[in-house]
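A short worksheet on the structure shown next.
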Amino acid sequence: MQGYKNIERVKPSGLELVDRLVSVNRVTKVTKGGRTFGFSAIVVVGNGAGVVGYGSGKSLDVASSIAKAVEEAKKNLVRIPLLNATLPHEQKGKFGGSKVLLLPASHGTGVIAGGAVRMVLESVGVHDVLSKSQGSSNSHNLVKATFDALLQLRSPQAIAAERGISLDKVFNG
């Protein structure tokens, strides 16, 4: 998560984090003695109030790969700026072959997103958003593309401070 301007890292202590399993994939390693099966998991953790993180874990059994993913996700927590349970502005994200477009929506719209994107947005605490994903539907790439879009979001206060104007002029002017 390097290269983003206004990232606020968060410590997991004192937060009520809920983890969501996005996907588990079975992977195979072919050796001289035959095939060895393992598992790869990707997990999203969040508190539903703007703090979210993701992690992936690999192991020979499902339970330990999920546990490793949860531990990594707790190490990568970031704060996302929200505005009235939606996003402050439209944003695009990209990772690998996946592209994600996130649009703020009016109150009562709900989370219009599918699969991995929905899990990330619900973990953040977004209740009203429209989204479109294009390209690869690989869940690992979709989670990372969604995080790319979320980490580029700026709060209205940050935009006002950057421009040197009042908060009213950001919305009205």
Side-chain angles (χ1 to χ4, degrees), residues 1-4 7-80 82 85-87 91-103 109-153:
M1 292 187 209
Q2 275 71 12
Y4 298 98
I7 293 182
E8 182 187 343
R9 294 242 181 227
V10 180
K11 299 262 191 252
S13 58
L15 293 175
E16 292 290 326
L17 296 173
V18 177
D19 54 279
R20 294 173 186 249
L21 177 64
V22 177
S23 73
V24 176
N25 295 328
R26 191 177 81 168
V27 294
T28 307
K29 177 181 175 184
V30 179
T31 60
K32 184 169 65 173
R35 296 186 185 110
T36 305
F37 296 105
F39 296 91
S40 168
I42 185 160
V43 172
V44 175
V45 299
N47 70 345
V51 175
V52 69
Y54 75 92
S56 59
K58 298 174 184 175
S59 181
L60 294 177
D61 63 296
V62 176
S64 59
S65 67
I66 293 171
K68 286 179 181 181
V70 169
E71 289 305 311
E72 185 183 334
K74 287 180 181 177
K75 292 176 187 175
N76 296 322
L77 292 175
V78 292
R79 186 171 306 280
I80 305 298
L82 298 179
T86 188
L87 305 176
Q91 192 61 57
K92 293 179 182 177
K94 182 179 181 210
F95 186 87
S98 297
K99 295 177 189 172
V100 173
L101 170 65
L102 302 176
L103 300 164
T109 304
V111 179
I112 310 297
V117 179
R118 173 181 284 270
M119 289 188 187
V120 173
L121 293 173
E122 287 177 348
S123 294
V124 172
V126 176
H127 297 295
D128 302 303
V129 67
L130 302 169
S131 75
K132 176 70 180 169
S133 60
Q134 295 178 319
S136 171
S137 60
N138 180 324
S139 56
H140 286 263
N141 287 349
L142 278 175
V143 168
K144 291 173 186 176
T146 306
F147 265 86
D148 180 44
L150 291 174
L151 291 173
Q152 293 177 50
L153 289 174

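Atom set for the values below is all heavy atoms of this structure, side chains included, hydrogens, waters and symmetry mates excluded.
Not one N or O on the side chain of Glu71 forms a donor-acceptor pair closer than 3.5 Å with the backbone of Ala67. A donor-acceptor contact shorter than 3.5 Å is absent between the side chain of Ser40 and the backbone of Lys58. The backbone N or O of Glu72 sits less than 3.5 Å from a side-chain atom of Asn76, completing a donor-acceptor pair.
Smallest separation of non-hydrogen atoms from Ser131 and Ala113: OG-CB, 3.0 Å. Contact detail for Lys92 and Leu101: the closest heavy-atom pair is CG-CD1, 3.7 Å. Across all their heavy atoms, Asn47 and Ala49 have their closest contact at OD1-N, 2.9 Å. Residue Ala116 comes nearest to Val143 through the heavy atom pair CB-CG2, 3.8 Å, listed as atom of the first residue, atom of the second, then distance. Listed here is the closest heavy atom pair of Gln91 and Leu153: CB-CD2, 3.8 Å. The shortest heavy-atom contact between Ser137 and Leu142 is O-CD1, 3.8 Å.
Residue pairs meeting the salt bridge (charged side-chain N to carboxylate O under 4.0 Å, His left out) criterion with at least one member in residues 116-134, sequence neighbours excluded: Arg20-Glu122, Arg118-Glu122.
To the nearest 0.5 Å, the span separating NZ on Lys29 from CZ on Arg35 amounts to 15.0 Å. Remark: Gln152 CD to Phe147 CZ distance equals 13.5 Å, nearest 0.5 Å. For the atom pair Tyr54 OH and Lys144 NZ, the distance stands at 5.0 Å (nearest 0.5 Å). In this structure, CG in Leu87 is found 8.5 Å from CG in Leu103, a value given to the nearest 0.5 Å. Of the inter-residue distances, the one linking Phe95 atom CZ with Asn141 atom CG reads 6.0 Å to the nearest 0.5 angstrom. Within the model, atoms CD1 of Ile112 and CG of Leu121 stand 11.0 Å from one another, a figure rounded to the nearest 0.5 Å.
Side chains of Ser59 and Ser65: no donor on one and acceptor on the other come within 3.5 Å.
For Ser98, there are no side-chain hydrogen bond (donor to acceptor under 3.5 Å, both in side chains) partners at least two apart in sequence or on another chain. In this structure Thr86 satisfies the side-chain hydrogen bond (donor to acceptor under 3.5 Å, both in side chains) test with no other residue, sequence neighbours excluded.
A heavy-atom distance below 4.5 Å is found between the side chains of Ile80 and Leu151.
Shown are Val24, Ile66, Asn25; of these, the side chain to side chain contact (heavy atoms under 4.5 Å, CB included) with Phe39 is made only by Val24. Test Thr146, Val124, Leu77 against Val52 for side chain to side chain contact (heavy atoms under 4.5 Å, CB included) and you get one pass: Val124.
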Can Leu17 and Val70 be said to form a side-chain contact (heavy atoms from CB on, under 4.5 Å), step by step? CA-CA 10 Å; Leu17 296 173; Val70 169; over 6 Å; no

Under the side-chain contact (heavy atoms from CB on, under 4.5 Å) rule, what do Ser133 and Lys99 come out as? Steps first, then yes or no, please. CA-CA 6 Å; Ser133 60; Lys99 295 177 189 172; over 6 Å; no

For Val22 and Val120, what are the C-alpha separation, side-chain angles and deciding distance, and is it a side-chain contact (heavy atoms from CB on, under 4.5 Å)? CA-CA 9 Å; Val22 177; Val120 173; 5.6 Å; no

Could you check Leu150 against Val78 for side-chain contact (heavy atoms from CB on, under 4.5 Å), going step by step and ending with a plain yes or no? CA-CA 10 Å; Leu150 291 174; Val78 292; over 6 Å; no

